[in-house]
Amino acid sequence: MSEFDVERGFISCLLGGKDIATVRDNRITPRFFTGDNRPAYKYILDMSIKTGDIPTVRAFRREFPKYSLEEFEG
């Protein structure tokens with residue numbers, strides 16, 4: 001069992017749940033993230049501002065092909 005990455009988990013939930021309201025309400029900016037997670041989150045944020053919606057997982061993977069999303073059981 002691998003260790004859960006909270007930042008990747010948040011990004012994965014955001015892509016899966018499409019809940020940009022949480023981001024806006026809590027003013028979550030890219031500076032809250034580190035490493036590879038920062039540009040990944042910035043992309044999601046920028047695209048949601050540009051298009052009005054969170055990008056699909058497919059669009060995200062096209063932009064970040066080596067980024068591994070967290071898998072959730074349940």
Side-chain angles (χ1 to χ4, degrees):
M1 178 179 217
S2 63
E3 189 173 313
F4 184 79
D5 183 321
V6 174
E7 292 178 6
R8 282 184 194 275
F10 181 82
I11 289 170
S12 300
C13 283
L14 192 56
L15 288 170
K18 307 283 186 193
D19 186 15
I20 196 65
T22 300
V23 171
R24 289 184 185 138
D25 292 348
N26 293 293
R27 297 183 179 128
I28 301 170
T29 65
R31 76 169 195 265
F32 284 80
F33 295 84
T34 59
D36 293 340
N37 299 317
R38 185 174 286 176
Y41 179 74
K42 184 172 180 348
Y43 168 77
I44 294 169
L45 191 62
D46 290 347
M47 290 305 291
S48 69
I49 291 168
K50 183 178 178 180
T51 66
D53 199 11
I54 292 179
T56 63
V57 171
R58 184 177 177 186
F60 180 83
R61 288 184 193 263
R62 189 175 33 231
E63 191 71 24
F64 297 93
K66 294 183 181 182
Y67 190 92
S68 61
L69 296 169
E70 290 287 347
E71 299 285 328
F72 298 100
E73 294 178 20

Which pairs of donor and acceptor atoms, one on a side chain in residues 23-36, lie under 3.5 Å apart (sequence neighbours left out)?
{"unit_1": "N26", "atom_1": "ND2", "unit_2": "T22", "atom_2": "O", "d": "2.9"}
{"unit_1": "T34", "atom_1": "OG1", "unit_2": "E7", "atom_2": "OE1", "d": "3.1"}
{"unit_1": "T34", "atom_1": "OG1", "unit_2": "E7", "atom_2": "OE2", "d": "3.3"}

>> Applying side-chain hydrogen bond (donor to acceptor under 3.5 Å, both in side chains) as the test, list every pair that has at least one member in residues 40-49; sequence neighbours left out.
In response: K42-D46
> CD1 of I44 to CD1 of I54: how many Å apart, nearest 0.5 Å?
Replying inline: 7.0 Å
Indicate every side-chain donor-acceptor pair of residues 60-67 with a distance under 3.5 Å to a residue at least two apart or in another chain.
{"unit_1": "Y67", "atom_1": "OH", "unit_2": "N37", "atom_2": "OD1", "d": "2.6"}

> In Å, rounded to the nearest 0.5 Å, how long is the span from CD1 of I20 to CG of L14?
Replying inline: 5.5 Å
>> Which residues pass the side chain to side chain contact (heavy atoms under 4.5 Å, CB included) test with S68, not counting sequence neighbours?
In response: R8
